[in-house]
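A quick write-up on the structure given underneath.
Hydrogens, waters and symmetry mates are skipped; everything else that's a heavy atom, side chains included, is used. Chain letters run A, B, ... following the sequence lines, proteins first and then strands; every chain starts at 1.
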Protein chains: 2
Amino acid sequence: MAPAQTLASADRRIDILKSAAAAFRRRGYHGASVDEIASALEMTKGNLYYYFRNKEEILYACHEYSLDVLLALLDDVRADGSTPDQKLRRLILAFVHLLLDELQATALTIDLQALSPPLLDKIIARRDAFDRGLREIIQQGMDAGTFAAGNPKMVGFAVMGAVNWITKWYDPAGPMTSEAIGQAFADYLVGGLTRMPALPTPTAPAAR
Amino acid sequence: MAPAQTLASADRRIDILKSAAAAFRRRGYHGASVDEIASALEMTKGNLYYYFRNKEEILYACHEYSLDVLLALLDDVRADGSTPDQKLRRLILAFVHLLLDELQATALTIDLQALSPPLLDKIIARRDAFDRGLREIIQQGMDAGTFAAGNPKMVGFAVMGAVNWITKWYDPAGPMTSEAIGQAFADYLVGGLTRMPALPTPTAPAAR
DNA sequence: CGCAGCGTTGAACGCTTGTTCAACGCTGTG
DNA sequence: CACAGCGTTGAACAAGCGTTCAACGCTGCG
């Protein structure tokens, strides 16, 4: 009986979100047409309005879905008892993996500002929560001396930028797997690029 | 006599590009209307077509202009005789400055893919040239042992992502000046975040 | 079999937006 | 003063797109 059944309504909604996310990434919110989103699923555009009130709601649901996934990840990482650098590394690895393999390479990249204020505010609040969580980890690393001193807000923005930007150049058919990209980014963003020139270690390093 | 003269044609074109760049950044290429671009300059949209053949050409000119500026910067940095880490630092500082203070915070961020193939290819070729130049500097630093070994392509993408992403959160009225942002980014992206745990400096050159 | 309702269709509408174009004012020149 | 031409206007057009809606088929239930 189960196989005879067509896709359940909830699944269908997710299909639509995936198709929409891919279309929004390629063409932008305004550039992607409702018809384009529907055609990719071999349904008519009128049918989309059975599942969503309008195009804006689809965009909103895309962001909501991405944030569900990312905030769950953040909670996970926060809860594990490891050191800040391990947390940050794990966060970056998982973020890249989710972004490329689960979220159609479109998490926070698509035109937020296309949303009208009431919806926009809700998304921004959650995105800020993610940013704060990221900064907190960075701050802890700086406090512990594991990370070089600096402005955790700027570092957080830099990390988010580096990772989100992947969606602009990532090619699934390219030479780098999402796994390899994650490793390379974690190495650079956590481990640092410049080798400290025999830095006179500040007395008793808490690190290690 | 000179002041009586209205703006010369070439200046007017640049005004249009600035207005368009700002509009494209806020709403995206498809989201920004030609009328919106014109109104900001207190001209009618019909008038825009005296200066540009169509909307696409405006987008193209925006990218062309940004690339002119950035490639000139790259040449400059390449030519100075400093070490790779100094070059990278200078490149990031100047990039941030140009991006925020000169280019309406919209260099490579606006929908490239909205361009049709012939124009698109020309832009991509130049953008790739910039990427290659950046990677070359990074590679030199790795060869020299100044930078930790790694994949220069990935590091280059990470740097570009971090910097270009600034346009998504930058607020001219915010607490951080473009100068301060540049410094913070250069510190992190060049200097590295994690303190090397008393790494045994490999005495010898490139190796490893 | 008949009924109900979910999921779907496809045509139609109305609005927005990119683009065109004939006409106009202004300025400097002969 | 007449003329030429650059820069500008504003109305008009055509196409695309988001959205609506009445009608239809199918499936499972009574």
Side-chain angles (χ1 to χ4, degrees), chain A residues 1-24 26-62 110-111 113-116 119-120, chain B residues 1-62 110-111 113-116 118-120:
Chain A
M1 195 55 99
Q5 181 82 341
T6 57
L7 289 171
S9 178
D11 289 336
R12 211 78 210 248
R13 270 180 69 101
I14 293 185
D15 285 344
I16 294 171
L17 289 186
K18 287 192 178 179
S19 173
F24 291 157
R26 287 197 306 270
R27 312 250 238 211
Y29 175 70
H30 293 285
S33 74
V34 171
D35 192 61
E36 182 181 350
I37 297 168
S39 295
L41 298 170
E42 289 172 35
M43 52 167 73
T44 61
K45 63 175 174 174
N47 196 10
L48 285 189
Y49 289 80
Y50 180 76
Y51 296 95
F52 295 93
R53 257 204 302 274
N54 51 36
K55 191 183 179 185
E56 185 184 6
E57 195 179 280
I58 298 178
L59 176 63
Y60 176 73
C62 282
I110 39 180
D111 316 72
Q113 70 283 27
L115 291 172
S116 54
L119 296 180
L120 182 62
Chain B
M1 194 57 99
Q5 181 82 343
T6 57
L7 290 171
S9 178
D11 289 335
R12 211 78 210 247
R13 270 180 69 102
I14 292 186
D15 285 343
I16 294 170
L17 289 187
K18 286 191 178 179
S19 172
F24 290 157
R25 176 175 51 79
R26 285 197 306 271
R27 312 250 239 213
Y29 174 71
H30 293 284
S33 74
V34 171
D35 192 60
E36 181 181 349
I37 296 168
S39 296
L41 299 169
E42 288 171 35
M43 53 166 72
T44 61
K45 64 176 175 173
N47 196 10
L48 285 189
Y49 289 79
Y50 180 75
Y51 295 95
F52 294 93
R53 257 205 300 275
N54 52 35
K55 189 182 180 185
E56 186 184 5
E57 195 180 279
I58 298 179
L59 176 63
Y60 176 72
C62 283
I110 39 180
D111 315 74
Q113 70 282 26
L115 290 172
S116 54
L119 296 180
L120 182 62

| query | CD1 of B:Ile37 versus C1' of C:dT19: gap in Å, rounded? | reply | 14 Å

| field | Phosphate-side-chain proximity, B:Arg53 and C:dG18, N/O vs OP1/OP2 below 4.0 Å | value | no

| task | Give the rounded distance in Å between these two atoms: CD of B:Glu36 and C1' of C:dT17. | result | 12 Å

| said: Distance check needed: C:dT19 P versus B:Ile58 CD1, whole Å only. | reply: 8 Å

| field | Side-chain N or O of B:Tyr51 closer than 4.0 Å to phosphate OP1/OP2 of D:dT8 | value | yes

| query | Hey, does the side chain of A:Glu36 reach the backbone of A:Ala23 with a donor-acceptor pair shorter than 3.5 angstrom? | reply | no

| Would you say a side-chain N or O of B:Tyr50 is under 4.0 Å from OP1 or OP2 of D:dT8? | no

| field | Closest contact, heavy atoms only, B:Ile110 versus B:Arg25 | value | CG2-N, 3.9 Å

| message | Checking contacts here: which listed nucleotide (C:dT20, C:dT17, C:dT8) is nearest the side-chain heavy atoms of A:Arg12? | response | C:dT8

| remark: Which of D:dT9, D:dG18, C:dT19 is nearest the side chain of B:Met43? It is D:dT9

| field | Rounded distance in Å - CD1 (A:Ile16) to C1' (C:dT8) | value | 12 Å

| query | Would one find a side-chain N or O of B:Asn47 under 4.0 angstrom from OP1 or OP2 of D:dG7? | reply | no

| query | With sugar-phosphate meaning primed atoms plus P, OP1 and OP2, does A:Ala38 contact a base, only sugar-phosphate, or nothing at under 4.0 Å between heavy atoms? | reply | nothing

| query | In a check of side-chain contact (heavy atoms from CB on, under 4.5 Å) between A:Ile58 and each of A:Phe52, A:Tyr51, A:Tyr29, which one passes? | reply | A:Phe52

| note | A:Asp35 atom CG is separated from D:dA15 atom P, nearest whole Å, by 18 Å

| query | So, is A:Thr44 near the phosphate of C:dT9, with a side-chain N or O under 4.0 Å from OP1 or OP2? | reply | yes

| request: Check the distance between C:dT19's C1' and B:Glu56's CD and give it to me in whole angstrom. | output: 14 Å

| message | Without decimals, in angstroms, what is the distance between B:Asn54 CG and D:dA15 P? | response | 17 Å

| message | With rounding to the nearest 0.5 angstrom, report the CD to CG distance, B:Glu57 to B:Leu115. | response | 11.0 Å

| message | I'd like to check the side-chain hydrogen bond (donor to acceptor under 3.5 Å, both in side chains) partners of B:Tyr49; sequence neighbours left out, ordered by chain and number. | response | none

| message | Whole angstroms only, please: what is the OH-C1' distance between A:Tyr49 and D:dT20? | response | 9 Å

| task | Identify, between A:Gly46 and A:Gly31, the residue whose nearest nucleotide on DNA chain D lies closer to the 5' end. | result | A:Gly31

